[in-house]
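Just the heavy atoms: all of them, side chains too, but no hydrogens, waters or symmetry mates, feed the values below. Residue numbers begin at 1 in each chain, while the letters A, B, ... track the order of the sequences. Computed from a prediction, not measured in an experiment: that's the story for all the values here.
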There are 2 protein chains.
Amino acid sequence: MTHSDALADLLRQRIIDGEFMPGSRLSESALSNQFEVSRNTLRETYRALAEQGLLTHVPHRGVSVSAPSMADVVDIYRCRRTVECTTMRGSRPEHPAVQRMADALHLAETHLAAEDWLGIGSANMAFHEGIVALSDSPRLMRMFRNVAAELRLVFLTLDDPHALHAPFVASNRRVLTVFTAEGPEAGALELERYLLNSERSVLGAYTRANRA
Amino acid sequence: MTHSDALADLLRQRIIDGEFMPGSRLSESALSNQFEVSRNTLRETYRALAEQGLLTHVPHRGVSVSAPSMADVVDIYRCRRTVECTTMRGSRPEHPAVQRMADALHLAETHLAAEDWLGIGSANMAFHEGIVALSDSPRLMRMFRNVAAELRLVFLTLDDPHALHAPFVASNRRVLTVFTAEGPEAGALELERYLLNSERSVLGAYTRANRA
DNA sequence: CACTTTGGATTGTTGAACAATACGGATCAG
DNA sequence: CTGATCCGTATTGTTCAACAATCCAAAGTG
């Protein structure tokens, strides 16, 4: 793996972990010093992450961490419904990825008991990544990972993200139960309900955070 | 627009037009001379196009035009069905993008009469881009454009791509007719049938081309 | 107050240089 | 002849320094 690729992974993780808040500009000289790479290498990394939607590039004004608008949130959830629901509707409960879903869900429930809010968020995302993995489609997985990363940016700007993650662990459990017990069609409907609810919650929290 | 962005558009077009065939390596020194940019600028362009899937980057071996495998073709069509069918199923025939579809279709029929095979391919793609435009989703549009570009790479390697485009103009017409006359659900089913047929044809031609 | 100017800071791009790696061919043992 | 090893060359990965182009904010101007 090349230096620039590794930096992309690292920077991506740092951003998702909240070290660089959405909207903040990423100075080329500052970060090239911080990560001890040249400006050119850093700029290659920027190009890749910008193409993924995590960074926003404005010519002659540099890159900044994307700060999704409400319209973006709506669009992200539209993508999620399109990809996740369609995938589940076309999958069988015998698919190996179901195990990934179950594992992630179990982890989420453990974190819920321990009140590890950050862990819940990650486990929740792993659960939905498991759903998309049902498709066996590298491209759909990539698409999902990109919008999921953007969505995490949104959570970074909200006041109490745990209030948004915690109640939905039970919903995810229901999605999995219905999917395995009643089949893909019923599971997909349950999943769609989940996503619509989640979208509503996030939009509400978004409005609240930007009004304060 | 920055120099590197413009080069990305240009190179993308050149590739789609078949100037650089799938699988061919793109030497940094050669292309930086040809396009009269520095290696560093060219490498930024490479990063962007690689992230879009049009170029394939292998560390220390440079970038080459992606040469989609049969598995890739299957995956591309899976993405198309997911995005296109779901979009149409959730749209109304009154949407302004329907006009784009109609225009593209008319253009395709004109090119068909004139036996302009290249034009048919482009118009066909514009028609399906119109379908995705029904979603009003920038991200779904971007996803589609990426997989559509990859699919064009596949056509470049086939022997007589016109045989693959021409018969499907009528199918597209039927999709539009059914969508406007019978509604989204019926249109989506017709569209799915189209995509499955198209996939089958492409896979067949792919096998034929790689056996010869 | 609105408008222009100007200077500093940041980005965009270049060219050269060197390090790191991959590839192909030469060499050599068996 | 076969296979393995070694080496030289070409290409990519990365750095650095420099300059051009652009933006921004602060200063001045009417």
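- Looking at A/Arg47 and B/Asp5, a side-chain N of the basic residue comes within less than 4.0 Å of a carboxylate O on the acidic one, giving a salt bridge.
- Annotation: salt bridge (charged side-chain N to carboxylate O under 4.0 Å, His left out) contacts involving residues 49-77 of chain A, sequence neighbours excluded, comprise A/Asp72-B/Arg139, A/Asp75-B/Arg139.
- Atom CG of B/Asp5 and atom P of C/dG12 are 9 Å apart (whole Å).
- No side-chain donor-acceptor contact under 3.5 Å links A/Ser64 and A/Thr56.
- For B/Ser24 (side chain) and B/Phe20 (main-chain N/O), no donor-acceptor pair under 3.5 Å exists by modelled atom type.
- Regarding contacts with the backbone of D/dT15, a side-chain N or O of A/Thr41 is found under 4.0 angstrom from either OP1 or OP2.
- Judged by distance alone, with hydrogens and angles left aside, the side-chain atoms of B/Ser135 form a donor-acceptor pair with the main-chain N or O of B/Ser137 at under 3.5 Å.
- For the salt bridge (charged side-chain N to carboxylate O under 4.0 Å, His left out) condition, no pair includes a residue of residues 111-121 of chain B, sequence neighbours left out.
- For the side chain to side chain donor-acceptor pair (under 3.5 Å) test, residues two or more places apart in sequence or in another chain that qualify with B/Tyr194 are B/His128.
- For DNA chain C, the neighbouring residues in residues 31-40 of chain B, judged by any heavy atom under 4.0 Å, are B/Glu36, B/Val37, B/Ser38, B/Arg39, B/Asn40.
- In this view, A/His60 satisfies the side-chain contact (heavy atoms from CB on, under 4.5 Å) rule with no residue, not counting sequence neighbours.
- Between the C1' atom of D/dC16 and the CD atom of A/Glu28 lies a distance of 15 Å, rounded to the nearest Å.
- The side chain of A/Arg25 places no N or O atom within less than 4.0 Å of a non-bridging phosphate oxygen (OP1 or OP2) of C/dT10.
- DNA chain C is contacted by B/His60, B/Arg61 of residues 44-63 of chain B, taking any non-hydrogen atom closer than 4.0 Å.
- Positionally, the nearest nucleotide of DNA chain D for B/Ser27 lies more toward the 5' end than for the other of B/Ser27 and A/Leu42.
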